[in-house]
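Letters A, B, ... mirror the listed sequences (proteins, then strands); counts begin at 1.
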Amino acid sequence: MQTQLRTTTCGALRPDNVGQTVTLCGWADTVRDHGGVMFIDLRDRTGLTQVLCDPTEVPAEIWQAVQTVRPEYVLQVTGRVEARPADMVNAKLATGGIEVRSHHITVLNRSATPPFPLDDKEAERVSDELRMTYRYLDLRRPAMQRNLRRRHAVTQAVRAYLDSQDFTEIETPILTKSTPEGARDYLVPSRTVPGTCFALPQAPQQYKQLLMVAGCDRYYQIARCFRDEDLRADRQPEFTQIDLEMSFITPEDIYALVDGLIAAAFVAAGHPAPTLPLPRLTYAEALDRYGSDKPDLRFALPLVNVGEIFAATQFQVFGRVLAGGGVIKALNGKGLAGAPIRIMDDWTAMAKDAGLGGLAYIRVQEDGAWKSPIVKFFSDAEKDALRAALDIAAGDLILFAADDAAVVNTALGRLRLLAAAQAGVIDPAAFALTWVTDFPLFEADAEGGLQAMHHPFTAPCRADAERLESEPLSLRAQAYDVVLNGVELGGGSIRIHEAAYQRRLFAALGMPAAEYEDRFGHLLRALEYGAPPHGGLALGLDRLMMLLGGADSIREMIAFPKNQKAMDLMMNAPAAVSERQLRDLGLRFLAAAPSE
RNA sequence: GGGGGCGUAGCUCAAUCGGUUAGAGUACCAGACUGUCGAUCUGGGUGUUGCGGGUUCGAGUCCCGUCGCUCCCGCCA
């Protein structure tokens with residue numbers, strides 16, 4: 001990175017360079033003033049180099065100037081590389097074997113006192129609010145520099161991999177059309193067509209399908225997506241997907257391709273490649289066994305269906321549920337019998353929040369005795385069967401849920417995660433990847449209607465396709481997710497490539513013909529002109545980087561993220577705009593902007 | 001929209017049962033110091049206890065309201 005202002009970087013010098021005269025540029029990291037001699041650790045993104053300044057070796061005015069140097073001042077230093085005496089080598093620094101004995105130092109810029117310490121350990125404890133307000137300082141920290149560099153390495157590897165698989169990177173519009181059945185759209189009012197709005201894309205979904213119709217065969221894009229929904233630690237209103245689509249494929253082609261893509265990303269991020277092929281789980285299996293369509297497989301802790309054991313139970317609560325077509329499942333929290341009351345209260349509250357009437361449990365004491373408010377209703381045969389089914393031993397905590405399958409799975413699925421965390425069985429360094437396949441095509445929406453589980457362009461499994469109108473909720477989709485450590489990394493599907501079936505599907509969703517022709521006419525028309533069978537997938541790049549980097553929020557992996565109210569605290573966006581701008585757009589606000 | 005947590009010095013935090021002049025580390029400022037590398041030593045407190053109201057002889061502490069940040073549920077085809 002040699003330039004007119006420097007000959008080398010702050011992370012580059014080694015004992016081999018001793019004797020060379022070099023010029024470095026960077027930020028003063030720490031300044032150690034001994035009166036008669038000064039040490040300045042000079043930092044750039046590549047590392048730290050110790051600069052020594054001796055008043056007998058620099059002009060007086062430079063010595064004067066150096067006295068004023070504070071952390072984050074920007075310096076240009078020229079000097080000779082010298083070996084450090086053996087007892088002064090700093091093993092913690094890559095450059096610790098040498099130092100630069102300066103004979104000229106220029107203060108390129110001064111710095112105000114930083115609002116928070118630019119030290120990786122200290123800064124991690126500083127509020128996100130401050131870090132985001134001064135994001136350019138936060139990003140100066142080595143840890144954040146590493147995150148940015150690692151993200152770059154992964155996107156480079158993704159591009160190289162997809163290029164090797166004959167993909168073409170194609171950009172699609174940011175100003176596009178609203179498709180209101182997904183997330184809430186971000187809207188951009190049009191000046192040239194008054195009274196209308198563009199929407200920012202929630203995903204390049206329709207464009208990439210149209211690129212398949214166009215014969216592109218294999219498309220990808222590192223695509224920015226926008227969804228105006230409430231934020232989470234792993235959800236930002238704008239985020240990045242590795243978006244791809246292929247023609248003439250089945251799901252097997254996607255699995256094989258994406259397995260390789262993920263392996264390339266792991267390696268680029270400095271991790272061992274996962275064992276391929278990645279394991280697969282059907283949606284039905286995932287829900288049954290783990291209570292979630294994005295199971296964390298870093299640990300087992302399976303949900304066990306104990307309905308048969310209680311087929312003839314005397315326990316009214318269980319009996320009523322079974323008679324009503326519900327299910328009874330249990331999970332064995334190994335070693336959690338001693339879980340404090342406070343924890344159990346939290347878990348019970350969570351179970352109720354998930355829809356359960358209450359949380360039944362058995363604490364298995366050290367002497368093997370079962371302590372539980374419900375066990376008195378169990379017969380000896382039921383107890384024996386339970387013991388065998390759940391591998392019950394001293395110290396275990398057995399949790400029961402009895403209700404509709406959906407409620408039971410939700411509640412126990414969440415409890416499974418809490419119990420694993422409480423038991424400390426999650427290896428934070430582990431990576432557990434899985435495909436989840438065969439999602440349902442539809443789910444019931446709040447009003448009892450149908451809603452596409454993935455999106456309305458998803459093709460059903462061929463065997464199911466003709467039950468579209470008769471038993472829509474029974475249709476499995478050719479849809480799949482990739483899950484890493486209990487986080488949905490991404491997903492996709494084989495798409496409907498026949499206009500007639502796409503119309504049938506819109507109709508099955510309860511959409512009048514006039515409506516789907518209006519909203520999706522462009523896609524339907526395209527499908528009429530020889531659309532190839534095609535499908536694809538999108539991976540959340542921010543989430544992938546978060547998991548690969550061991551971070552607890554995707555904000556750590558985004559240069560300029562937004563806070564929980566979707567504001568950019570550094571730029572102060574969103575912000576009020578001028579009357580003139582609004583007039584041009586033909587807009588008037590009903591709400592006033594908050595005043596400062 | 002709902003639930004939880006937090007809000008005291010630039011930063012990270014402490015302050016007992018409601019009690020006297022709100023402290024510590026660090027940062028910062030001044031001075032000293034020729035081998036440090038989280039330099040050290042000496043001195044210095046730089047504060048609207050988020051904001052507003054209330055209770056009280058007395059409020060950082062209790063009550064009401066409000067604002068901000070954050071985590072989660074809902075939401076996220």
Side-chain angles (χ1 to χ4, degrees), chain A residues 29-42 48-57 67 70-72 82 84-85 87-93 95-96 99 101 112-134 137 178-185 201-203 205-206 225-237 239 346 349-350 352-355 410 414 417-418 439 441-443 445-446 450-458 477 479 488 491-493 505-506 509 520 538 540 552-553 555 563-565 567 569 594:
Chain A
D29 195 72
T30 51
V31 180
R32 296 178 293 279
D33 183 353
H34 288 255
V37 64
M38 267 182 101
F39 298 96
I40 298 172
D41 288 339
L42 199 65
L48 280 182
T49 296
Q50 173 164 288
V51 172
L52 182 154
C53 187
D54 185 321
T56 65
E57 295 167 338
Q67 300 300 300
R70 296 287 178 273
E72 302 312 316
E82 295 193 345
R84 296 201 198 183
D87 56 334
M88 290 171 199
V89 167
N90 186 344
K92 285 188 274 187
L93 288 182
T95 61
E99 63 193 354
R101 183 174 290 269
T113 301
F116 57 91
L118 298 194
D119 172 89
D120 282 337
K121 266 208 216 60
E122 299 287 326
E124 275 171 22
R125 304 165 62 201
V126 173
S127 72
D128 282 6
E129 185 178 13
L130 241 201
R131 291 177 56 202
M132 279 194 253
T133 304
Y134 297 92
L137 295 179
S178 176
T179 52
E181 62 282 323
R184 201 175 288 111
D185 284 314
Q202 297 178 25
Q205 181 59 36
Q206 294 184 56
C225 305
F226 305 87
R227 296 177 191 178
D228 186 7
E229 296 291 348
D230 286 346
L231 284 74
R232 290 283 190 280
D234 64 353
R235 270 166 35 189
Q236 284 270 303
F239 61 101
D346 285 353
M350 198 234 68
K352 285 182 176 169
D353 189 52
T410 301
R414 289 179 191 168
L417 299 178
L418 294 174
F439 275 76
L441 189 61
F442 299 114
E443 58 192 334
D445 71 13
L450 286 182
Q451 184 177 316
M453 191 145 182
H454 184 51
H455 57 53
F457 319 114
T458 299
E488 181 193 332
S493 64
L505 193 134
F506 284 139
L509 285 170
F520 299 109
D552 53 12
S553 166
R555 289 193 294 257
N563 75 356
Q564 199 165 33
K565 281 181 74 179
M567 299 189 301
L569 294 174

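- Checked against B:G68, B:U70, B:U34, the side chain of A:Arg555 finds its nearest nucleotide in B:U70.
- In this entry B:C6 has B:G68 as its Watson-Crick or G-U wobble partner, both defining distances falling under 3.5 Å.
- Neither OP1 nor OP2 of B:U36 sits under 4.0 Å from any side-chain N or O of A:Gln50.
- Considering only the side chain of A:Met567, B:C69 comes nearest among B:C76, B:U36, B:C69.
- Within 3.5 Å, a donor on the side chain of A:Asn90 pairs with an acceptor on the base of B:C37, or the reverse.
- Between A:Asp33 and A:Gln67 the shortest side-chain heavy-atom distance falls below 4.5 Å.
- Side chain of A:Asp41, nearest nucleotide from B:C37, B:C69, B:G35: B:C37.
- Formation of a donor-acceptor pair under 3.5 Å by the A:Glu229 side chain with backbone atoms of A:Arg184 is found in this model.
- Among the protein residues, A:Gln205 comes within range of the nucleic acid bases, having at least one heavy atom under 4.0 Å from a base atom.
- Stacking of the aromatic ring of A:Phe39 onto the base of B:U36 is found: the ring centres lie under 5.5 Å apart and the planes are inclined by under 30°.
- Under the 4.5 Å side-chain criterion, counting only non-hydrogen atoms from C-beta, A:Leu441 is in contact with A:Leu505.
- For A:Arg101 against B:G35, a side-chain N or O and a base N or O form a donor-acceptor pair under 3.5 Å.
- At a cut-off of 3.5 angstrom, the base of B:U26 holds no donor-acceptor pair with the side chain of A:Glu122.
- Picking from B:A39, B:U36, B:C11 the nucleotide with the shortest atom distance to the side chain of A:Thr30 gives B:A39.
- A:Phe506 and A:Phe520 have parallel rings, their planes meeting at less than 30° on a 0 to 90° scale where 60° marks the start of perpendicular.
- In the interface, the side chain of A:Arg235 is paired with the base of B:C75 through a donor and an acceptor atom under 3.5 Å apart.
- The separation of B:C13 from B:C6, taken at their C1' atoms, amounts to 13 Å, rounded to a whole angstrom.
- Across all strands shown, B:U16 has no partner, as no Watson-Crick or G-U wobble contact with both distances under 3.5 Å is found.
- Within 4.0 Å of A:Asp228, counting heavy atoms only, lies no atom of the nucleic acid at all.
- Looking at heavy atoms from C-beta onward, A:Asp128 lies in side-chain contact with A:Arg555 at the 4.5 angstrom threshold.
- If you check every strand for non-hydrogen atoms under 4.0 Å, A:Glu57 touches nothing.
- Side-chain atoms of A:Arg232 come within donor-acceptor range of the base of B:G74, with a qualifying N/O pair under 3.5 Å.
- Under 4.0 angstrom from either OP1 or OP2 of B:G68 there lies at least one side-chain N or O belonging to A:Lys565.
- Looking at heavy-atom distances under 4.0 Å, A:Met453 makes contact with sugar-phosphate atoms alone, never a base.
- Listed candidates were B:U34, B:U70, B:C37. Nearest to the side chain of A:Arg84 is B:C37.
- Using a 4.0 Å heavy-atom distance criterion, A:Ala123 is classed as making no nucleic acid contact.
- When the C1' atom is compared between B:G47 and B:A22, the two are found 9 Å apart, to the nearest whole Å.
- Salt bridge annotation for A:Asp230-A:Arg235: absent, with no cationic side-chain nitrogen under 4.0 angstrom from a carboxylate oxygen.
- Distance from the side chain of A:Lys92 is smallest for B:G38 among the nucleotides B:C28, B:G38, B:C71.
- No hydrogens or angles were tested; on distance alone, a donor-acceptor pair under 3.5 Å links the side chain of A:Asp230 to the base of B:G74.
- Between B:A39 and A:Arg32, a contact under 4.0 Å exists linking OP1 or OP2 to a side-chain N or O.
- Heavy atoms of A:Leu48 sit nowhere under 4.0 angstrom from any nucleic acid atom.
- B:G50 and B:U16 are spaced 25 Å apart, taking the C1' atom of each and rounding to whole Å.
- Pair assignment for B:C11: B:G25, on the basis of Watson-Crick or G-U wobble contacts that are both within less than 3.5 Å.
- For A:Arg414, whose side chain is taken as the heavy atoms from C-beta onward, the closest listed nucleotide among B:G35, B:C73, B:C28 is B:C73.
- With a 3.5 Å ceiling on both atom-pair distances, B:C33 lacks any Watson-Crick or G-U wobble partner.
- For A:Arg70 against B:C29, no side-chain N or O and base N or O form a donor-acceptor pair under 3.5 Å.
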